[in-house]
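Both ligands and their constituent atoms are indexed starting at 1 by order of listing. The basis for the numbers below is simple: all heavy atoms, side chains too, and nothing from hydrogens, waters or symmetry mates.
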Amino acid sequence: MNKTKNTLFSNKPVTIDNNSLIMAIESSCDETACAIVKGGREVLANVVASQIKIHEEYGGVIPEIAAREHLEAINVVIAEAFKQAGVTGNDISAFAGTVGPGLVGCLLVGLNAAKSLALAYDKPFIGVNHLNAHLAANFIDTELKPPFIALLVSGGHTQIIKVDSYSEMNIIGETIDDAVGEAYDKVARLIGLPYPGGPKLDKLAQEGNPHAFKLPEAKVGGYDFSFSGLKTAVLRLVKSFDGKEMPVNDICASFQECVSSTLLKKVKRALEETGYKQVVLAGGVAANSEIRRKIFNLKDEGYEVYAPIMKYCTDNASMVAASAFFFDNTFDSIDVEVFSRASRA
Ligand code: KG4
Ligand code: ZN
């Protein structure tokens, strides 16, 4: 990877190669994060300040509170990242920041910090798409190269993406209603688990019987998904206990089985129909034990399987730096704006 970019201030060309350090900032939702990554793959610093404790009280993320918390944390995470990596701003080749999709007030905090650093140190600025960044988490500490099929499962998105090269990717399937993480969080709330319910539901599911309840798998065409019917089915199941003691672990396990087998089925079909031999799991829900297990089982069928280690599955800035290196080389103006919803090709 060898690219030349211009600095923001003096328009000086800077070449980004395998020895270059990129500092990235992520603030799209409820994590304020800063990282320094060498050559898109080697993490020198990875700092994450999570707001989960604050949002737990409200049962979800309150955008205004989240934005204020980002403001409190941003300078601290940047200083800590420089300290962890043992470098200064002069050693950084480019500064990157998430531009979207995400909460606008939150994105603005990280993006403006990244732009300011780029201006102050007279280095290029790279705006990064948060979804690309989740995929790019798979470049960290690996030798992964396209082409591959990616399953992106997060709080806001569920997509199957055909990644042909670093510059060419197409969404070939996505959810027509709830995202997987959203379904996890909603079902978790139904059974009384605190926010964020996904990881807690996953834990309980591991203690339950995945075949205790037969839950409906939505019939959606192509590589698309639908999870809202499943959520309603769980609601009906929960209500059927009518105050009697609920087999919570079995409900969690049955829900998890339904979701993970649906995802696996479509990913397998995408692999078979494209002939691609590599599959990549990404997004916060890639931390899920059963989804990981099922996708990793594809190794037995001869596929190369990649999934980030846990800390790079949920929101972090190392993945943003990796994406700035491999995927996102189009935005580099100071005028780049944040955006709230996904709108990529
Ligand atoms: O990617 P992410 O950190 O934020 C978005 O970009 O959306 O994903 C957060 C989502 C939440 O819905 C959370 O409940 C879910 O990922 N999640 C999980 C697990 N760990 C995180 N869902 C199921 N099982 C898990 N182990
Ligand atoms: Zn995310």
From [options] - option closest to [atom] by heavy atom:
atom	options	result
atom 19 (C) of ligand 1	A179, G283, P199, S28	P199
atom 5 (C) of ligand 1	G181, A282, G155	G155
atom 21 (C) of ligand 1	G284, G198, A183	G284

Considering distance alone, does some N or O of [X] sit under 3.5 Å from an N or O of ligand 1?
X	result
D315	yes
H130	yes
S289	no
Y184	no
E31	no

Can you sort out which atoms of ligand 1 are near [X], meaning under 4.0 Å from one of its heavy atoms?
X	result
G156	7 (O)
T314	3 (O)
A287	20 (N), 26 (N)
D202	24 (N), 25 (C), 26 (N)
H134	1 (O), 6 (O)

Does this structure show an ion pair linking [X] with [Y], if we count only N-O contacts that are shorter than 4.0 Å?
X	Y	answer
D242	K244	no
R293	E290	yes
E64	R68	no
K294	E257	yes

Q. With distance as the sole criterion, is a donor-acceptor pair present between the side chains of Y276 and D164 under 3.5 Å?
A. yes
Q | Atom pair NE2/CD1 of H70 and I65 - distance to nearest 0.5 Å | A | 12.0 Å
Q: Could you pull out the atom name of the N/O/S atom in D315 that is nearest the Zn ion (ligand 2)?
A: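 Result for D315 and the Zn ion (ligand 2): OD1.
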Q | Taking atom 15 (C) of ligand 1 as the reference point, the nearest protein heavy atom with its distance | A | V285 CG2, 3.8 Å
Q: Identify the protein heavy atom lying closest to atom 13 (C) of ligand 1, giving its residue, its atom name and the separation to 0.1 Å.
A: D185 OD1, 3.8 Å
Parallel, tilted or perpendicular: which describes the rings of [X] and [Y], with under 30° parallel and over 60° perpendicular?
X	Y	value
F241	F213	perpendicular
F326	Y166	parallel
F225	F227	parallel

Q. Can an N, O or S atom be found in C29 less than 2.8 Å away from the Zn ion (ligand 2)?
A.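 It does not: C29 brings no N, O or S atom closer than 2.8 Å to the Zn ion (ligand 2).
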Q | Location of contacts on N288 toward ligand 1, heavy atoms closer than 4.0 Å | A | both
Q: Step through the shown structure and confirm whether more than 12 heavy atoms of other residues, nucleotides or ligands are within 6.0 Å of NZ on K268.
A: no
Q: In sequence, state the C-alpha distance, the side-chain angles, and the governing distance for T4 and T15, and then conclude on side chain to side chain donor-acceptor pair (under 3.5 Å).
A: CA-CA 4 Å; T4 300; T15 298; 3.2 Å; yes
